[in-house]
Amino acid sequence: MIHQEQSFRRFVWALEKKWIQTVCILGFTLVPIFGGLDYFIIPKEYLDENLGYFLSLRAFASVFVLIQYVILRFSKPNAWNTVHAFVFTFVVGGIITLMTARLGGFESSYYAGLNLVLIAVNLFLPWNAVKGALNSGIILVQYIVVNLIFDNDYKLISIINNLYFLAGTMIISVTIAHFKFNLTKSEFEKMDVISTLKSQQDGDYFLTSLVLQPLSLNLSKSDIVPVEFFTSQKKKFTFKNWTQEIGGDISVSNVITLKGRRYVVFVNADAMGKSLQGAGGAIVFGAVFHAMIQRTKMLEANQNQYPERWLRNAVIELQKTFESFDGAMMISLVIGLVDEESGLVYYINAEHPFPVLYRDGRASFIDSQMYFRKIGMLEIKSRFFVSLFQLQPGDKLILGSDGREDLMVFDPSIGGKSMVEDENFFLHIVEQGKGELKGIVLALKDSGDIIDDLSLVKISFDPANRNVESENSLRNSFQNSENGTYTNGRKPTEDLETLKDLISSSSKNGDIEESIRVAMRLVDVYPGESNYFYFLAKTFNRHRDYKESVEQGERFRYRQPDHVNNLLVLSDSYRRLGNRRRAELLLNEVFSFEPQNQTAINLLGKLKNHNGKNLIKSN
């Protein structure tokens, strides 16, 4: 309470100083201007002897008030500022009183000027009733004393009349000043409470932003797949000496090793909600995601996964984490892996804006359909799969939150601003920015007003930057194959068509082991050739290597979950491995596509009758 009183006192001092300066400006401006009135008011017979005297008084008062203004201009707010107001009243009111004494005393109409001084000082300044009454008393005492001394022929009725009007002005101005002062104090107390709450809120924002910063990191450090970030949260705030921002957008990148291959892992995400709520979702996401990255780097078992399974496990873990908030916290994202060796992108888009490819000066979406809902959305059932995209040397992949399209742009049809509705708007922006984040951001700002958090991620593919010494298995990448060296990290005899021909000939000759060996090499060098995962799953199943059949079949299923024949092969392999529950679930998926599939019916019969026992109850 004491602190609030001190704060209010300092506030009043600052306000008082500001308004006294305003009154002084009015004083040294209007006092000389009203000198023109003297010429018309002073009777002709007294004009010569009084006009110069009046102008001298006005000049003195104007200069005096100007000096007051200069002193106030370069002084700090303090309790003594009030004295300047009283002195102003004494000087300006004094010269007006002297004028009344020269022009008839109590009979002079010049006393009306005293009313103006009373109103100006009492109503402009943030004064309580005591200060207002004291200021009014200066005017009243001056007027009565000076005119009683110099007006020996006054009439009592004139005194009473003038005092009534002066006293009335004094009462009205003091009353208004008093209520205005109380209103100012009340508003200050409310604003002080708001300011305190805002300071506490900004403190929460500041601490939250400090937690969020180390979670949104670009740690990929890859020369082959360089990654760049741009993030600008909509909520900007100042806490003490720090200017920060807070919001729900977060981007992360890192490098992990899976099955002996290096992958750049990336994510661009946008948590539901604004400011603190969005930042809370981003923090939860960042903490969980970084934990997954560290587990992968530390545990060999986590590294012994194919990229499709790693992505699946990552999304499932994120979904379970966000589901625990019962739908109160959700996040859209694009999460993916880039194979440094091949440039193949494995990614999942969970209700996030479509990634954009910038190639040869043209921008285009690499997706056109949304397959998954936001992470954390409850009771969402969808078949899980991983999307693929093959990057070419020089390609740039641009990811961004919905802030890239939440712009207010000028619409000539309505003569004002409206939201962007063109679905290809961002493509034009990427082309204007030539695929560079700095240029894209400038183009967005030039196009309109960004009204949401904005985060952008640029992923490039530059295999020519491969570090030869650190990538022994990929020696002399992108060299001419005529020199007997490797091309794109593979032998000249391992081009795609050659490998396909070898697989075909081996299969026709019945050399299953050779066909498997070549197919394994093909999917290793060309991981985007999805159909050969199904070929391997089917061939391993025939070769009775059911464990490897499941491994390859699941990889294919993550890419094409609706492939019925692959589901049948997987179900059979799981059954033979003893995982009958998983086998039945896969058959149920087949029935959802083809209810009368005879192969699935036969496999289900084998599941239900084993050694004469009905082991699994059908749904």
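Below, each value reflects all heavy atoms present in this structure, side chains not excepted, and no hydrogens, waters or symmetry copies.
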Open item on the list: Can a donor-acceptor pair be found, under 3.5 Å and without considering hydrogens, that links the side chain of Ser186 to the backbone of Leu183?
Closed with: no
TODO: Tell me whether the centres of the aromatic rings in Phe365 and Tyr358 are closer together than 6.0 Å.
DONE: no
In residues 437-451, what donor-acceptor pairs under 3.5 Å come from side-chain atoms, sequence neighbours left out?
residue : atom : partner : partner atom : Å
Ser447  : OG   : Ala443  : O            : 2.7
Asp449  : OD2  : Lys417  : NZ           : 2.5

Task: Whether Phe322 and Phe325 hold their rings parallel, tilted or perpendicular, with breakpoints at 30° and 60° - done: tilted
Open item on the list: Checking the side chain of Ser56 only, and the main-chain atoms of Gly52 only, is there a donor and an acceptor separated by less than 3.5 Å?
Closed with: yes
- [ ] Give a yes-or-no answer on whether the side chains of Ser220 and Asn254 include a donor-acceptor pair shorter than 3.5 Å.
- [x] no
TODO: Might you confirm whether atom OH of Tyr53 has over 12 heavy atoms from other residues, nucleotides or ligands at distances under 6.0 Å?
DONE: yes
Open item on the list: Under 3.5 Å, is there a donor on one side chain and an acceptor on the other for Asn135 and Thr89?
Closed with: yes
TODO: Work out which heavy atom in Ile139 is nearest to a heavy atom in Val117; give both atom names and the distance.
DONE: CD1-CG1, 4.0 Å
- [ ] Decide if atom CZ of Phe165 counts as having more than 12 heavy atoms of other residues, nucleotides or ligands within a radius under 6.0 Å.
- [x] no
- [ ] Nearest 0.5 Å please: distance from the CE atom of Met329 over to the CD1 atom of Ile331.
- [x] 9.0 Å
Task: Test item: side-chain donor near acceptor, Ser232 and Asp453, under 3.5 Å - done: no
- [ ] State whether a side-chain donor-acceptor pair under 3.5 Å links Ser209 with Glu245.
- [x] no
Open item on the list: When you compare the side chain of Val252 with that of Leu217, does any pair of heavy atoms fall below 4.5 Å?
Closed with: no
Open item on the list: If the threshold is 4.0 Å, N to carboxylate O, is there a salt bridge linking Lys131 and Glu16?
Closed with: yes
TODO: Determine whether Lys458 and Glu436 make a side-chain contact, defined as any pair of heavy atoms from C-beta on separated by less than 4.5 Å.
DONE: yes
Open item on the list: For a side-chain contact (heavy atoms from CB on, under 4.5 Å) check, start with the C-alpha distance between His84 and Ile71, then their side-chain angles and the critical distance, and finish with the verdict.
Closed with: CA-CA 10 Å; His84 281 281; Ile71 294 172; 3.9 Å; yes
Open item on the list: Run Val31 and Val65 through side-chain contact (heavy atoms from CB on, under 4.5 Å) and show every step you take.
Closed with: CA-CA 10 Å; Val31 168; Val65 172; over 6 Å; no
- [ ] Give the minimum heavy-atom separation between Ala101 and Val146, together with the two atoms involved.
- [x] CB-CG1, 4.0 Å
Open item on the list: Would you say Tyr143 and Asn162 are linked by a side-chain donor-acceptor pair, where the criterion is simply a distance under 3.5 Å?
Closed with: yes
Task: Contacts of type side-chain hydrogen bond (donor to acceptor under 3.5 Å, both in side chains), residue Gln432, not counting sequence neighbours - done: none
- [ ] Enter the distance from Ser173:OG to Leu123:CG here, rounded to the nearest 0.5 Å.
- [x] 5.5 Å
- [ ] For the pair Tyr69 and Phe28, name the ring-plane relationship: parallel under 30°, tilted 30 to 60°, perpendicular over 60°.
- [x] perpendicular
Task: side-chain hydrogen bond (donor to acceptor under 3.5 Å, both in side chains) involving Thr169 - partner list, sequence neighbours excluded - done: Asn115
Open item on the list: With rounding to the nearest 0.5 angstrom, report the CG to CG distance, Leu163 to Leu140.
Closed with: 6.0 Å
Open item on the list: Test of understanding: with side-chain contact (heavy atoms from CB on, under 4.5 Å), list the residues that count as partners of Val87, not counting sequence neighbours.
Closed with: Phe64, Gln68, Val83, Val91
Open item on the list: Ignoring hydrogens, what is the shortest heavy-atom contact between Ser216 and Ser251? Give both atom names and the distance.
Closed with: OG-O, 3.0 Å
TODO: Would you please test Arg362 and Glu431 for side-chain contact (heavy atoms from CB on, under 4.5 Å) and show each step?
DONE: CA-CA 6 Å; Arg362 299 298 300 273; Glu431 291 177 358; 3.5 Å; yes
TODO: Assess whether atom CZ of Phe150 is packed by more than 12 heavy atoms of other residues, nucleotides or ligands within 6.0 Å.
DONE: no
TODO: Please tell me if the side chains of Leu57 and Met99 come closer than 4.5 Å, counting only heavy atoms from C-beta onward.
DONE: yes
TODO: Taking the six-membered ring of Phe34 (Phe, Tyr or Trp), confirm whether the NZ or CZ of Arg58 is under 6.0 Å from its centre and within 45° of its axis.
DONE: no
Open item on the list: Taking salt bridge (charged side-chain N to carboxylate O under 4.0 Å, His left out) as the definition, give me every residue that meets it alongside Glu107, ordered by chain and number, with sequence neighbours left out.
Closed with: none
TODO: Mark yes or no for whether Glu351, through its side chain, and Arg373, through its backbone, hold a donor-acceptor pair below 3.5 Å.
DONE: no
- [ ] State whether the number of non-hydrogen atoms from other residues, nucleotides or ligands found under 6.0 Å of Phe425 atom CZ is greater than 12.
- [x] yes
Task: Set of ring pair (Phe, Tyr, Trp, His ring centres under 6.0 Å) partners for Tyr347, sequence neighbours left out - done: none
TODO: Evaluate ring-ring contact (aromatic ring centres under 6.0 Å, His included) for Phe179 paired with Trp127, printing each intermediate quantity in order.
DONE: CA-CA 9 Å; Phe179 282 106; Trp127 277 356; over 10 Å; no
Open item on the list: For a 4.5 angstrom cut-off between non-hydrogen side-chain atoms, does Asp270 reach His352?
Closed with: yes
Task: Distance (rounded to the nearest 0.5 Å) between Ile398 CD1 and Ser460 OG - done: 7.0 Å
Task: Neighbour count above 12 (heavy atom, 6.0 Å) for Lys180 NZ - done: yes
Open item on the list: Less than 6.0 angstrom separating the ring centers of Trp19 and Phe88, yes or no?
Closed with: no
Open item on the list: Between Asn182 and His178, do the side chains contain a donor N or O and an acceptor N or O under 3.5 Å apart?
Closed with: yes
Open item on the list: Looking at Thr29 and Leu26, would you say the former's side chain and the latter's main chain have a donor-acceptor pair under 3.5 Å?
Closed with: no
Task: Interatomic distance, Met330 atom CE to Met272 atom CE [nearest 0.5 angstrom] - done: 4.5 Å
Task: Over all atoms of both residues, closest heavy-atom pair of Ala129 and Val174 - done: O-CG1, 3.7 Å
TODO: For Glu423, look at atom CD and say whether over 12 heavy atoms of other residues, nucleotides or ligands are found less than 6.0 Å away.
DONE: no
Open item on the list: Keeping Gln142 on the side-chain end and Phe90 on the backbone end, is there a donor-acceptor pair under 3.5 Å?
Closed with: yes
Open item on the list: side-chain contact (heavy atoms from CB on, under 4.5 Å), that's the test. Do Leu318 and Met292 meet it? Break it down for me.
Closed with: CA-CA 10 Å; Leu318 288 167; Met292 291 190 297; 4.0 Å; yes
Task: Atom pair CZ/CG of Arg9 and Asn78 - distance to nearest 0.5 Å - done: 13.0 Å
Task: Side-chain heavy-atom pair Leu125, Ile20 within 4.5 angstrom cut-off - done: yes
Open item on the list: I'd like to know if the side chain of Asn218 and the backbone of Val227 have a donor-acceptor N/O pair within less than 3.5 Å.
Closed with: yes
Open item on the list: Less than 3.5 Å apart, any donor N or O on the side chain of Ser455 or Asn268 sitting next to an acceptor on the other?
Closed with: yes
TODO: Start with the C-alpha distance between Trp242 and Phe206, add both sets of side-chain angles, then the distance that settles ring-ring contact (aromatic ring centres under 6.0 Å, His included), and finish with yes or no.
DONE: CA-CA 8 Å; Trp242 296 280; Phe206 180 69; 5.0 Å; yes
Task: Nearest atoms (heavy-atom pairs only) where Leu399 meets Pro355 - done: CD2-CB, 3.4 Å
- [ ] Quick one: closest heavy-atom pair of Ser62 and Pro32, and the distance?
- [x] OG-CD, 3.1 Å
